Amino acid sequence: MKSNPLLLGLCFSLPCLLASAKDYLISTNQTSLLIKADQGQMSSIQYYGSRIDAKDISSVYDAGQAFWSNSYPAFGLHSWGEKAIEVVLPDGNMSLDLVVDQVKEYTSSDARITEVILKDKVYPFVVKQFYKAYKGTDVISTWVEIVNNGDKPVVLNQFASAYIPVRRGDNWLTHFHGNWGDECIMEEEKLTNGQKVISNKSAPRNAHSDNPSIMVSLDGQPREEVGHVIGGTLAWAGNYDIRLDATNNDLNIIAGINEDSSRYILDPGRSLTTPEWAMTYSESGKGGVSRAFHRWARSYKLNRGHVTRDILLNSWEGVYFKVNQAGMEQMMKDIAAMGGELFVMDDGWFGNKYPRNDGSSSLGDWVVCKEKLPKGLDGLIQSAQANKIKFGIWIEPEMANTKSELFERHPEWVLSQSNRPLSTGRGGTQVILDLTNPAVQDFVFGVVDNLMTTCPQIAYIKWDANCGIMNYGSHYLPADKQSHIYIEYHKGLQKVLERIRAKYPNLVIQACASGGGRVNYGLLPYFDEFWTSDNTDALQRVYMQWGTSHFYPAIAMGSHVSANKNHQTGRVVPLKFRFDVAMSGRLGMEIQPKDMSAEDKIFATQAIAAYKKVRPIVQFGDLYRLISPHDNLGLASLMYATPELNRAVLFAYKTSHFVNQNIPVVRLTGVDPDKYYKIEDLTPAKADKKCSLHGKIISGKVLKETGLKLPLKGEYSSLALELTAQP
Ligand code: DGJ
């Protein structure tokens, strides 16, 4: 949105008046957002950046740094530039004239909230804008509630969550593009004039193609620990649209639900609440943005974000659909012997009329396949208990196969169109249940509830979703509301998850979605973690986990050691490299233990024990990315440190291998220069052959400023080192 020259002139002539009580300063420890909201006038964003105090507000104006950017520009009256909202009013008028009616400020258990109520000057139409400063974090979020107070429906064509001005300069965009099996790959580009749009249309999984999260640097190519960077994420699991609109002098971020094919009809007396756009401002580069989001996630946006996650074995790549009692028992015994804490039985355990032997049947029939598991879930849980580990199970409750008893009973529960053949997904028969329908919501809730009431010992659920919405048609929604499907699907899913969480707050649930498809803050509040990617290849994971780490904390990032050779890429990689990569997230295994050699089992046992030792640092510590795999230096490195910088874990991975190769020095940004650190090799390839740095005590100043020359020699060499500050 262009600055308003009229108001700008006013600003210079009446600085004190403008910096009056009608300025609302919304602050966290290190950031501030300044809103100007005078009754009867448009509301504007004046400042977003490092924290300022009330006494500095007039300086923002005096320095000519106020944005004067309409906080929620509407189409139709001042029709230049991008808009946040466009409607069709009952008389056909497409304009809105939104002015401030009232501002409320209040405190909730988790935040300080400022609510700016905008009303149209003529029509009974209200937009409530919320700004939420989360306590103890540096995240401020914003969203709107759009209310139709009239007596006829209003059509919403555009309804963004946020319209945020950014200081124009040498701005760069960081975003996280991907595909299935190659999710969340960091891309960076200079923002030139025009528009750059990050969006998706693949509901109900929105993160395979591009994550709904961006960073924008204000002062050149983004760096890890220096530079001014804004980070933002849309907390929405459905289709999203993040638009960067740049001219010579202005840059605006417009973020919200993707309105394509989603025209929304607001009936009289009804409202639509848009998802949160959460953002932070960092003066310490991208690293500062990541650490702020990780803290926010652990405190507010992840189920039980302060509880340690278990080390697990998942059965998928070990047996695929060939689930049976003896096989599951053997896997449980093996993971327990290696020190694991949880076993998860993946796909293939259910269906009696149609046993689930491949992807073509049974979704919806959530009963144990008696042929495969004659002792039922109880038998498996008893085995888990005998092995002193927990038991978890896979489900895909939003889906059905046309070859299932559920579909035979309820063909109308599936998203489809009565007069057209069904488009089907995986196995040629997979379809999606219509979560706009409350009866379907009850069914999906019941899938979890039935499992948990019959087997309350189930400690973990892997919640999968392997299909996009292909048949755009609901038998529940009326004809004039078919364009609500994408939005109402997610609202329905949220209702189900709220019920599950109300009843089962301590059940660990993983958001899987073909790996990587549901890495977003729309769903994470209901989940404990996500499955980062179906691709478990350790080398490719270095890149995917690097990208994912920008907005999502290690505690949530499911990261599993898998077979050699890897099932997705066919790559052969040492077990140590595979462990060192998986240990930088929530460690697990995705392997058939009975195929591992005795030597590998010994290594795995030691690595699992080492992970347990440093788990609190990885899962609750601060992340410092040190050397990017995208810099093509042949090395990638990152570290986690406690906030006091007294303990840290360093990970380093050789990503290429040549004769006479130069291995770059690694400077450890997450240490205290005034401390001395003892180094321990956490995962030596042989227990009696620790790396040359093991046992050394090195000053933080040298580690940070001069750096470490790491002993990384062979192909796929890697290191996991613990650093402990000396008393
Ligand atoms: C896709 C998931 O991402 C895999 O981990 C596995 O659970 C399969 N689905 C099972 O069908």
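Keep in mind it's a predicted model, so treat the numbers as computed, not measured. When a ligand or atom number is given, it counts from 1 through the structure's own listing order.
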Nearest to [atom], what protein heavy atom do you find, and at what distance?
| atom | value |
| --- | --- |
| atom 6 (C) of ligand 1 | Asp346 OD1, 3.5 Å |
| atom 3 (O) of ligand 1 | Asp534 OD1, 2.3 Å |
| atom 11 (O) of ligand 1 | Asp347 OD2, 2.6 Å |
| atom 5 (O) of ligand 1 | Lys462 NZ, 2.7 Å |
| atom 9 (N) of ligand 1 | Asp464 OD2, 2.7 Å |

Location of contacts on Ser514 toward ligand 1, heavy atoms closer than 4.0 Å: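 Contact part for Ser514 vs ligand 1: backbone (N, CA, C, O).
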
Below 4.0 Å, non-hydrogen atoms only: which portion of Asn314 touches ligand 1? Side chain, backbone, both or neither. neither

Polar side chain donor-acceptor pair, Thr536 to Glu317, under 3.5 angstrom: yes

Verify the distance criterion only: is there a donor paired with an acceptor across the side chains of Glu396 and Gln430 at less than 3.5 Å?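 The answer is yes; a qualifying pair exists.
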
Output yes when the distance from some N or O of ligand 1 to some N or O of [X] is under 3.5 Å, and no in every other case.
| X | result |
| --- | --- |
| Trp316 | no |
| Arg426 | yes |
| Trp394 | yes |

What pairs meet the ring-ring contact (aromatic ring centres under 6.0 Å, His included) rule with one or both residues in residues 433-460, with sequence neighbours excluded?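 Found Trp413-Phe443.
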
Show your working on side-chain contact (heavy atoms from CB on, under 4.5 Å) between Tyr354 and Asn352 and close with a plain yes or no. CA-CA 5 Å; Tyr354 304 110; Asn352 274 316; over 6 Å; no

SB check Lys375 Glu329 (cutoff 4.0 Å): yes

Is the terminal nitrogen or CZ of Arg541 (NZ for Lys, CZ for Arg) located under 6.0 angstrom from the six-membered ring centre of Trp531 and within 45° of that ring's axis? yes

Distance filter under 4.0 Å to [X] heavy atoms, resulting ligand 1 atoms:
| X | answer |
| --- | --- |
| Trp531 | 3 (O), 5 (O) |
| Gly515 | 3 (O) |
| Cys512 | 2 (C), 3 (O) |
| Asn466 | 1 (C), 9 (N) |

Ring centre gap for [X] and [Y] strictly below 6.0 Å:
| X | Y | answer |
| --- | --- | --- |
| His567 | Tyr320 | yes |
| Trp316 | Phe321 | yes |
| Phe579 | Tyr611 | no |

